[in-house]
2 protein chains.
Amino acid sequence: MKVHDHQLQVPGLRMTKQRKEVYRALMENQDHPSASELFDQMQDTESPMSLATVYNCLEAFVEHGAVKQVNIDREPSRYCQNSTPHAHFHEQETGTIHDINFKPGTSLSDILDLPEGTEISNLEITLKGKLPQ
Amino acid sequence: MKVHDHQLQVPGLRMTKQRKEVYRALMENQDHPSASELFDQMQDTESPMSLATVYNCLEAFVEHGAVKQVNIDREPSRYCQNSTPHAHFHEQETGTIHDINFKPGTSLSDILDLPEGTEISNLEITLKGKLPQ
DNA sequence: GTCTTTTTTAGAATAATTCTAAGTTTATTG
DNA sequence: CAATAAACTTAGAATTATTCTAAAAAAGAC
Ligand SMILES: [Mn+2]
Ligand SMILES: [Mn+2]
Ligand SMILES: [Zn+2]
Ligand SMILES: [Zn+2]
């Protein structure tokens with residue numbers, strides 16, 4: 001998979017104009033938009049599309065590891081443009097979601113009592129609270 | 001809040017027979033049952049109750065910090081009898097959820113690049129994969 | 001061009017959860 | 001104790017994010 005200037009290329013994933021548009025909006029969005037927020041944005045583009053298509057596009061990106069689906073509590077899923085490993089901080093006052101990076105050279109097993117030989121295929125860390133300032 | 005022999009006592013929380021029964025089932029359940037699984041179990045007790053009541057009881061427990069609501073992906077919420085801080089490991093083959101404790105003396109900020117002064121009110125860690133054996 | 005596969009779409013369906021409003025139980029007060 | 005107030009339970013309706021369906025359109029292969 002190559003990512004360059006908001007152009008996504010994944011072998012086996014057709015880059016239709018709808019997918020290009022959804023991907024672009026996601027990349028330009030610093031926040032973590034929901035499907036319906038993206039759907040609203042799509043209505044102002046040259047390829048307005050159905051909500052089903054927005055969901056389909058996002059699902060394709062998530063399946064190919066280009067986008068992360070972020071589930072916090074039972075709220076509508078949000079989608080994350082940052083495909084590198086990171087945690088999510090949900091600021092309570094504003095409702096915004098911030099990416100938090102891992103410290104280099106650290107691992108979850110530094111703080112978790114995991115049995116030896118555990119294979120982790122997926123990892124989600126979500127914090128809620130207040131960031132300084 | 002005092003917990004003794006599966007008797008929950010929280011100031012301000014009436015311990016009706018329905019709440020006692022839901023709490024007991026949750027405590028005796030090593031797994032992390034969903035509301036509808038608990039509802040099914042309730043039908044065999046001396047106080048069969050409505051699904052709305054199961055949801056109401058669980059909501060009351062969660063609000064009072066006696067029970068944890070566990071959300072993994074978009075699956076139905078599961079409820080956790082372990083009110084101490086811990087992470088959840090979702091075993092992919094069986095679908096079971098295991099509690100993982102934190103190593104004593106460690107903190108999330110050991111591995112996360114959190115700004116100084118961050119206030120964390122809530123924390124969720126979910127792993128997915130395979131446990132040994 | 002034809003053929004095949006993938007994608008898009010409108011609208012219907014699904015399903016977990018919440019809401020409503022009425023009845024019941026429990027606590028409090030005099 | 002009786003009267004009143006507050007909290008709780010309930011059946012069923014409503015909500016709503018998401019998925020499904022089945023038909024049309026688009027894209028790629030040849
Ligand atoms: Mn939010
Ligand atoms: Mn599961
Ligand atoms: Zn993110
Ligand atoms: Zn747990």
Side-chain angles (χ1 to χ4, degrees), chain A residues 7-26 32-43 45-64 66-80 90 95 97, chain B residues 7-26 32-43 45-64 66-80 90 95 97:
Chain A
Q7 302 295 95
L8 175 68
Q9 283 188 30
V10 190
L13 190 63
R14 256 182 218 172
M15 267 304 158
T16 62
K17 62 182 191 222
Q18 290 90 345
R19 286 181 178 164
K20 278 195 192 111
E21 207 61 62
V22 171
Y23 193 74
R24 188 198 48 71
L26 201 47
H32 291 72
S34 64
S36 79
E37 282 164 357
L38 286 167
F39 169 71
D40 289 345
Q41 288 187 45
M42 291 304 105
Q43 302 323 296
T45 67
E46 286 182 31
S47 50
M49 69 195 75
S50 71
L51 180 56
T53 299
V54 175
Y55 273 107
N56 289 342
C57 292
L58 292 168
E59 182 184 54
F61 297 153
V62 170
E63 271 173 5
H64 286 80
V67 163
K68 273 192 180 164
Q69 186 171 355
V70 181
N71 296 304
I72 296 185
D73 300 335
R74 305 244 91 218
E75 290 179 13
S77 286
R78 311 191 78 82
Y79 296 85
C80 172
H90 187 245
I97 296 177
Chain B
Q7 301 296 94
L8 175 69
Q9 284 188 26
V10 191
L13 189 63
R14 257 182 217 173
M15 265 304 154
T16 61
K17 61 182 191 220
Q18 290 89 346
R19 285 180 180 167
K20 278 195 192 110
E21 206 62 60
V22 171
Y23 192 73
R24 186 198 50 71
L26 201 46
H32 292 72
S34 64
S36 78
E37 282 165 357
L38 286 167
F39 169 71
D40 289 345
Q41 288 187 46
M42 291 304 104
Q43 302 323 296
T45 68
E46 288 182 28
S47 49
M49 70 195 75
S50 72
L51 180 57
T53 298
V54 174
Y55 272 108
N56 289 343
C57 293
L58 291 169
E59 182 184 54
F61 297 152
V62 169
E63 271 173 5
H64 286 81
V67 163
K68 272 192 181 164
Q69 186 170 356
V70 181
N71 297 304
I72 296 185
D73 299 336
R74 306 244 93 218
E75 291 179 12
S77 286
R78 313 191 76 84
Y79 295 86
C80 173
H90 189 247
I97 295 177

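The minimum heavy-atom distance linking A:F39 with A:V54 is given by the pair CA-CG2, 3.9 Å.
Partners of A:R14 by salt bridge (Lys or Arg N to Asp or Glu O under 4.0 Å), not counting sequence neighbours: none found. Residues meeting the salt bridge (Lys or Arg N to Asp or Glu O under 4.0 Å) test with B:R24, sequence neighbours left out: B:E21, B:E28. Not counting sequence neighbours, B:E46 has no partner by the side-chain contact (heavy atoms from CB on, under 4.5 Å) test. For B:S47, there are no side-chain hydrogen bond (donor to acceptor under 3.5 Å, both in side chains) partners two or more places apart in sequence or in a different chain. Checked against side-chain hydrogen bond (donor to acceptor under 3.5 Å, both in side chains), A:S50 has the following partners two or more places apart in sequence or in another chain: A:T53. Taking the side-chain hydrogen bond (donor to acceptor under 3.5 Å, both in side chains) definition, one finds that B:N56 meets it with nothing, sequence neighbours left out. Checked against side-chain contact (heavy atoms from CB on, under 4.5 Å), B:A25 has the following partners two or more places apart in sequence or in another chain: B:L38, B:Q41, B:M42. Residues meeting the side-chain hydrogen bond (donor to acceptor under 3.5 Å, both in side chains) test with A:D73, sequence neighbours left out: A:K128.
Screening residues 32-43 of chain B for salt bridge (charged side-chain N to carboxylate O under 4.0 Å, His left out), with sequence neighbours left out, gives B:E37-B:R78.
Of all nucleotides in DNA chain D, those with any atom nearer than 4.0 Å to a heavy atom of chain A start and finish, going 5' to 3', at D:dA17 to D:dG28.
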For a quick check, with a 4.0 angstrom heavy-atom cut-off, what is the B/S/- contact string for nucleotides 4-10 of chain C, read 5' to 3'? -BBSBBS
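In the helix from C:dG1-D:dC30 to C:dG30-D:dC1, the end axes, each obtained as the rotation axis mapping the C1' atoms of four pairs onto the next four within a five-pair block, lie 30° apart to the nearest 10 degrees.
The nearest heavy atom of DNA chain D to A:M15 and to A:S34 marks one nucleotide each, and the one closer to the 5' end goes with A:S34.
Computed from coordinates, the A:E75 CD to C:dT18 P distance equals 12 Å when rounded to whole Å. Between B:D73 atom CG and C:dA16 atom P there is a gap of 15 Å when expressed in whole angstrom units.
Among the protein residues, A:S77 comes within range of the sugar-phosphate backbone only, with heavy atoms under 4.0 Å from sugar or phosphate atoms but none that close to a base.
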